[in-house]
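Let me begin by presenting the structure, written as structure tokens, before commenting on it.
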Number of protein chains: 2
Amino acid sequence: MSDLKRKILDRTQADLAAIEAALRDNLGARMALVDEVAGHILFSGGKRLRPLLMVLAARLCGYDGKRDTFFSTIFEYLHVATLLHDDLVDGADLRRGKAAAYQVYGNSVAVLTGDFLLARSLSIAAETQSPAVIRVIAGITEEMSQGEIDQMMRRENLGLTEAEYMEIIRRKTAVLIEGACRVGALISGASAEETDALTGYGFHMGIAFQMADDLLDYVADTAVLGKAVGADLREGKLTLPVIHALQHAEPEDRARMTEIITRRDFSVSDFEGFSRLLRTCGGIDYTRAQAESHIRTAKERLGIFGDSEAKGVLTDIADYALDRKS
Amino acid sequence: MSDLKRKILDRTQADLAAIEAALRDNLGARMALVDEVAGHILFSGGKRLRPLLMVLAARLCGYDGKRDTFFSTIFEYLHVATLLHDDLVDGADLRRGKAAAYQVYGNSVAVLTGDFLLARSLSIAAETQSPAVIRVIAGITEEMSQGEIDQMMRRENLGLTEAEYMEIIRRKTAVLIEGACRVGALISGASAEETDALTGYGFHMGIAFQMADDLLDYVADTAVLGKAVGADLREGKLTLPVIHALQHAEPEDRARMTEIITRRDFSVSDFEGFSRLLRTCGGIDYTRAQAESHIRTAKERLGIFGDSEAKGVLTDIADYALDRKS
């Protein structure tokens, strides 16, 4: 474990334990089913990044109520609901190192359990009784579903631009992380300035987080990553390293990359060659630089807050988004 | 067309046209996709029962705003989202006389379009800015997803009781119709007594509506019904006509019915024999009597309201729930 990860975990131990307990409690009588179907997503090694960000954002804004942990589960349930449906859509084989739920339990159970978790998160959102919070949650679900539709419709689109990629990752990842931070501010009755700052922090964190994720698909190995390396490529998903490399490659290299992208059933050595091309054509470095830039912006947005432990942890989490190996 | 149906349509023509326009308008840029994927559910011959009930309930409570039609689309989008996911779960072949969406477009598109419609309905609910309305909508989505899970887990359960059946149809059908009527009252600022009356009307209408639907599976023919007769039996869904008949059949008849239920790939003549047994064992008459009783209760709940055209139409819709042939 990296020093940074340990430092974050040490200071969030109590929060993470409380989130863990709330995630189980809030499922009520459905706990057994969800545990069986989504347990290997929901209860095995997830980072709880989204609920943790909400709790920390609320603390940074001086939240003094007792429902922050309860409300924070919204963001993990939404996340897991999306994963359940997306794995089915993507035809993914592995999720956090295990077979995807739809493969083990069938499409039906994965769809309905995802629907249930989505519905559960909305019920918890309704309990905030805050129209502003509810609008954020409704907006997140709408943006995410549209993002997934866009991504699906643009598979194997070799002409995907960087701007289109940015819009896809905004919807599929950033809106949820942004929403978690925003809701943390909203439930605390934070000022508009504070709410905007945390919303901005969440947005840039989310963008960088997804870019780092897209990088891992080309630089990590399967055992560490917990999902098959090259999965994006196999599913026809063009991410920033590829988009940038295609744009800047010599014709011969571009032809070679295009051939592998459209073929899909590439060998391990094909994939290694592809990853090398991404590196030599600048796709890896460019993506890392973009992610670093978003992390810098995310941390800058916290500038209006005075120093506190919550601010320190939020800053470290931003750095960790780039540092992580899985 | 029956006289009753024509009478209802004559007096709701303007409402239905406004609902139709709102259903298209509220999809915005996604109209084309949804029209292609869910168009044959959303835009071809649906009855718009749920939005119509909301609009009529609001009118009965003296609603004087301009957003009733807009809000009413929530209930059709929720309904269609559920159908898209359920067809996939049930492995249904036909929906309103056409192949189910997941068969034409694949699982992915059906799941994501359902998610989008669900999300869209939540965004519209959030626009009411009414915590009470939002709680109703969140509750509906949660109950419906739980109902679907229950129904799936109880397939081919020959010991399914009438009480368990009632709980399944409450969740899968009644909560949405009840919710539409309740929200009509809530957006009108109706009294608690009026709100309760319309909630009760919707609940009993919903129960009767589903019982009538379950009857049609055994008494209608495929061309009129728009879905394959015997679909429930083929999917292992035990409905009230079957539950009652199994309980009251002589051992020999029960054995014959059980054999067909567990076999599933029955012939047309098997199915006709099965339907005859339902009739001779009292399952058809009992179910019709139960549905009639719920319709009576539904109409009684309108008793607190003075006479008006809206009340007249709501009364006729209740009668039509039993009268309909498809």
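Keep in mind that what you see is a predicted model, and the values were worked out from it rather than measured. Values below: all heavy atoms of this structure, side chains included; hydrogens, waters and symmetry mates excluded. Below, read A as the first sequence line, B as the second, and so on, with proteins coming before strands; counting in each chain starts at 1.
Between atom CZ of residue Phe116(B) and atom CD of residue Glu142(A) there is a gap of 5.5 Å, rounded to the nearest 0.5 Å. Of the inter-residue distances, the one linking Ile149(B) atom CD1 with Asp115(A) atom CG reads 8.0 Å to the nearest 0.5 angstrom. Taken to the nearest 0.5 Å, the CG atom of Leu112(B) stands 10.0 Å off from the OG1 atom of Thr82(A). Note that the CZ atom of Arg135(B) and the CD1 atom of Ile134(A) stand 8.5 Å from one another [nearest 0.5 Å].
Taking chain B as the reference chain and counting heavy-atom pairs below 4.5 Å, the highest number among Glu143(A), Arg120(A), Gln129(A), Met144(A) is found for Arg120(A). Chain B forms more heavy-atom pairs under 4.5 Å with one residue of Gly139(A), Ser123(A), Ala132(A) than with any other, namely Ser123(A).
Of the atoms belonging to Leu118(A), it is side-chain heavy atoms, and not backbone ones, that fall under 4.5 Å from chain B.
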